[in-house]
Amino acid sequence: PNLLASSLHISITLLWSNCSRRLGCVRSYTVATQEKEANMAVRSKQAQQFDWALAKLDSSVRRTGRITKTLLLRIFHDICRAGYPSSNQALLLLRSCGSLLPEIRLEERTKLAHHMWEKLQQLGAQYDVSHYNALLKVYLQNQFKFSPTDFLAKMESANVQPNRVTYQRLIAAYCQNGDIEGASTILGFMKSKDLPITEAVFSSLVTGHARRGDMENAKNILSVMRGAGMEPGPETYVSLLTAYAEKGDMDGLKKTLETAESADCSLMDRDIMQVIFTLAKSGHEQYLPEMIERLRLERNYIPDAMNLCLSLITQGLEDTAFQVLKTMPALQSENSDSPQMGSFFLRHCVNMDTAIEKITSYCKELKESDLHTSPLIFTLSCALDAKKTDMSLKLMKILKEQDFPIRPHYFWPLLTQHVKDNNVSGVLEVVKSMQQFDVSPDVDTLNKYILPVFSDLEAAQQALEVIQNALYDICKYVFFSVCVCGGGVATVIASRCTFTPPQTQPLSAEKKHTCTLCRGYRKIKFIPQTKPHSLCVGVCVFPFCLEAVSFFLYNLIDSMSAAEAQAQKDKLRKYFNQLQTQNIFISVNIYRGIRNLLESYHIPELSKVHSLTENESKVLALERRLAELKAENKPLDFVLKQTIQAVCAEENLQRALELKQQHEEEMTAGCYATLINLCCRQDNVEEALNLKTELSRKDSSVVLDAGKYIMLVKTLSLNGRVDEAVEMLKEMKEKEVVLNDSHVGMLFHLLNSVVIKGGPSAVQQLQDTIFALGLAKPSANLCSPLITAYLNSEDLSGAVDAVQECQRLYKYLPRLHDILVGLVEKGDTDLLQKAIDFVSQERGEMTMLYDLFFAFLQTGRYREARKIIETPGLRAKPGRLQWFAEKCIFANQMETLEQMVDMTAKLFECDRDELYSYILRLCKETNDWKKAEAVWMKMQEENVIPRERTLRLLASILRSNGQEVPFEEPEVKSPSAYGMLKDAHEKGVAVSAGTYDHLIRSLLAEGSIDAAMAVKDIAASHMPGFRLSNNANSLLIITLSKKDEAKDALENLKSMLQAQNVPSKLTIIRLVQALGRKGDVAAINEVQSLVAGLGTNLNLSNMLFINNTALAHIKSGDVDSAVELLKDVYTSPDSKSPSMSFVFRRIIEEANDTALDKLSAMAEQLANHFAFYRPVLDLFLQLLDNDKVEDAKLLLARCNALAEQKDNVYFDTDFCLSQFFLSHFLTVFSPSHLSGLDKDLSAAKALHEQMQKEGIVADELSLKRLAVLYRNAGEPVPFIEPQHFSTLHTL
């Protein structure tokens, strides 16, 4: 009993010491952090992270229509800490305080908006009219009652002039309260100022009359609009529908819906959801089923429905939200074998403190309907995350009644806040609750979540007496973890404190716990609580677990400041020497961490800078040199070739032919090739053929290069000799002429040049020959000249047939847009229907709709175009929209571009800022500042938050025309480069496209995407045709991928390929890896398809796509699909045993134990049953690389055949740092692995002796290195040293 009592006391003492040390580490870490934040490099990194967070916020708004309060507050606090809020950042934050926060109550949103407004203003944010308009929008969305006159007075005091958008929203504010008189006052003022009255004003008046109880006048507003020449749109009809919904007038609702339908006004699901929300909020739930049935479940239905559910729950209308939720599974049931429908619903119910009875009923229905696999467990996790103790305990009780095991770590979230607040009673209440569920605290629970709350050791012992029985077993376990380990007893070194545990003999039964004991020891740090670094160092040397020393040493140094480390360096050196004396080794990863910690107090030497120089030589006067050589009777070959090339460069064919006649015998193949090229350029086909014949007669083995052959083919074709041109192409194939990318471009120009003179038949003949012979792979570029020939001859039927044939044979649709435009202009509906049916069948309905949309826009059929783009479920395709916008800018088609931007206002996931920036670019080129100003107003009406580059572009247009800039112009984040660029333009210095491109690439290399795109806009405004180079495009995709903006990166790749540019290999790798991290399997398959369609080989491994597809499956929670995919690869008959190390490394780094277990089982099955050893070998090496030695040992024990894979394993020094590792692993591999022991004679000796015992002969390289170790240690070499080993490396 006395021994056990001592054990209990010692265990709690040790645990308390550990907790105290942890708190000391936190304090030290805080001081260190404050010192490091002063460093400018850290500040720069934080700024980049903040930019990423802002981009994430904006992306979330565009994709889902909502953001989380956590993300918003995180960014807001980052701005406050930085202390330099920009105007655009303030605008984005203010905008986010309205309907974008459906999970927050209305009054809380408004309070947050006011807090941000005041705080940002204190920090120096400059507010303009757009900020006041954003605040008005927030008031309207949050139904906040305020005085419009006071608001105008506030603007006037700030010297900010209201604009049309301001007045529109003030009218809406009056109408929201049913104040028609106030709205009429503002309306009259707008008329006096000749400000246009938009649909938004009429829509507000509908609401105003309805709120006043005058439904008759509300309906008459539609007639007033028509009388003013304005057709009511969806916004007006929705206002009227909402008014009827508030009254519960179902007949009026139905009639209005019929009127809208007859007026060809398409109402989307999002519009119907507003009516549903109003019906529920107004207490007319009996009409909800009928309105819910009207939902069409469009493709973008899910995010809109989720926002509706969240808003309803926030308003306390959970039952209505659940009805909406049940309409969603039909769209998601195919996404996963483990459905998780309703997780967002349950989480928000918890956050809103919904009654536990309601929540459990929802969970029951979700479970019974197979919509969620474990709703009750998920709800418990949400309650724990929200630290709702009462709700969590009630849910645990329900789960326990269902025989679900309750674990100790379930209580950690409940304990965390109590520990943080030093709430002892709160901690004890939670511990008592654990006892009620028969759950005993484990080591982690005691160490991290219970003991730290107590002021001292005695207080902890007294408080825990009430639960001593529950803690007894675990404390005894901790004691054995410290003192009993393979017979070893804790050893105290250089101590001022004493710790003498009772001598306890090892129990054989305890040996099975050796791995567990090691883990237990890591939690115990022998540092007195009074003075952490005075220095009392205790080391428990475990014969079976030497890595404990590594962890102890790392944590000791990590907890020190720079000054403390300097003060204790002598003791640390002594400690290191003691470890070396005892042959104790530190694991590689821990060693690296320790090295980095120690080096952080020193400044490294600058690397040497090497420079390269090039020598240039001048070319002598060729004619004179040729004459001298001839007079001296010396060879003329090289100089003659140079002379002929110089003459041909001057296009002097006659002089070149004279030189050929004068030096007939000295003519080389290169000279003939140069002459043939000149003849083709000058369209002298006969002379070119004669020279070729003469060359063949002189040396039949000589083959012209691809460029010369293509020039001959082009010349023959343009002279009507297509059959001879075809024969020339066949000769190229026979002589195995190799073509590169530039030659493929020459073939395109060849076919294009034949279009005018030869017509479709000649182009078809040449194209078929090129593809049939395999001289070039089919591409959209090479197929387009044939379509051009048909279009030039106005044979649209032939063009349609040709493009269909290209799709069937080569999977390309060249110049489809031009064909559709021609058919629309001609009015050939039958042929148009044939074309779009084919496109829909081959490329899908969405592609067809976009093609038709662009064709209608191009031809001015705007009404038809609007119907197309309002097709339910249509999503934004940024690449397609950018392509058409660039066409409009290039052709100066402002009206067409404006129509496209206007029609896509409600398109799902549409980047409105990007589209408006296209109009501003065209305004810049046409110098139309009035149009630019109108665009700015339109953006405010639509509540679009502009990017900084958009604001800079708009400011540039206004300023260049002498107009006042109505907002704070943001600065480019790379001021030096941008300043130089502006100075160059102001001084009239011409800047080349290459300079722009180089600057853009430099900015992208720094990760400054916004700055790079700003420079691109400047370049485009000064050089209308400016395009990014291949390298810049590739770097843009890589940068986006690194920032996890994989979707934008993919769209840029598509645009790049559409422009017939070829991305780099690294571009594809980074993009695919980013998609894998996102869990986007479909996008990875799309990239693989795009890469397969390239006309060039990027030498990409197929495993790039397979490994990242597997990781994408794992990321989305579908581990079984990943296992099936990889198993199919290895069991395929033509498998070449590819590597999957990348997959193992990622899941080990992410600590995904579920995926690791399943993939490990697959690898072992492949090894044991199918003799495929590569996967298990990859796993083995990754376990070692990640310092999981024990796991690697167990894997080797389970898979004995792994030891036979000697030729596939290569160890480096990092893997050979401990005697434990060597004794268990290295002996099964080749003797050259002695190379890993270059610095450790004792370990090398031990390994060499073991190899000799097992009859393994060491190779010469290993023996040579071992001999050097002996000599360096001053010991005689006990074997014959190999001599003159040529590949010996420096030791």
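FYI, side chains are in, hydrogens and waters are out, and symmetry mates aren't considered; it's all heavy atoms of this structure. Treat the numbers as computed from the prediction; the structure is a model and nothing was measured.
Listed by chain and residue number, Asp319 satisfy the side-chain hydrogen bond (donor to acceptor under 3.5 Å, both in side chains) test with Tyr362 (two or more places apart in sequence, or in another chain). Residues that satisfy the side chain to side chain contact (heavy atoms under 4.5 Å, CB included) test with Ala383, not counting sequence neighbours, are Val350, Met391, Ser392, Leu395. Applying the side chain to side chain contact (heavy atoms under 4.5 Å, CB included) rule to Thr314 yields the partners Arg105, His348, Met352; only residues at least two apart in sequence or on another chain are considered. For Gln274, the side chain to side chain contact (heavy atoms under 4.5 Å, CB included) partners at least two apart in sequence or on another chain are Val238, Asp271. Arg66 pairs by the salt bridge (Lys or Arg N to Asp or Glu O under 4.0 Å) definition with nothing, not counting sequence neighbours. Glu365 pairs by the side-chain hydrogen bond (donor to acceptor under 3.5 Å, both in side chains) definition with Lys326, not counting sequence neighbours. Residues forming a side-chain hydrogen bond (donor to acceptor under 3.5 Å, both in side chains) with Thr320 (at least two apart in sequence, or on another chain): none. Looking at residues two or more places apart in sequence or on another chain, you find a salt bridge (Lys or Arg N to Asp or Glu O under 4.0 Å) between Asp1120 and Lys1158. Residues forming a side chain to side chain contact (heavy atoms under 4.5 Å, CB included) with Ala305 (at least two apart in sequence, or on another chain): Met273, Tyr301, Val324, Met328. By the salt bridge (Lys or Arg N to Asp or Glu O under 4.0 Å) test, Lys1127 is found to be paired with no residue, residues two or more places apart in sequence or in another chain being considered. Arg347 pairs by the side-chain hydrogen bond (donor to acceptor under 3.5 Å, both in side chains) definition with nothing, not counting sequence neighbours. For the salt bridge (Lys or Arg N to Asp or Glu O under 4.0 Å) test, residues two or more places apart in sequence or in another chain that qualify with Asp304 are Arg270.
Note that CD1 of Ile377 and CG of Leu346 are 12.5 Å apart. Values are rounded to the nearest 0.5 Å. Of the inter-residue distances, the one linking Ile292 atom CD1 with Ile276 atom CD1 reads 5.0 Å to the nearest 0.5 angstrom.
Ion pairing between a basic and an acidic side chain is recognised when a charged N comes within 4.0 Å of a carboxylate O; Asp1080 and Lys1047 show no such pairing.
Shown here is Lys364, whose NZ atom has no more than 12 heavy atoms of other residues, nucleotides or ligands within 6.0 Å.
Between Tyr287 and His284, the ring planes are tilted. Angles from 30° to 60° get that label. Between Tyr410 and Phe404, the ring planes are parallel. Angles under 30° get that label, and only those over 60° would be called perpendicular.
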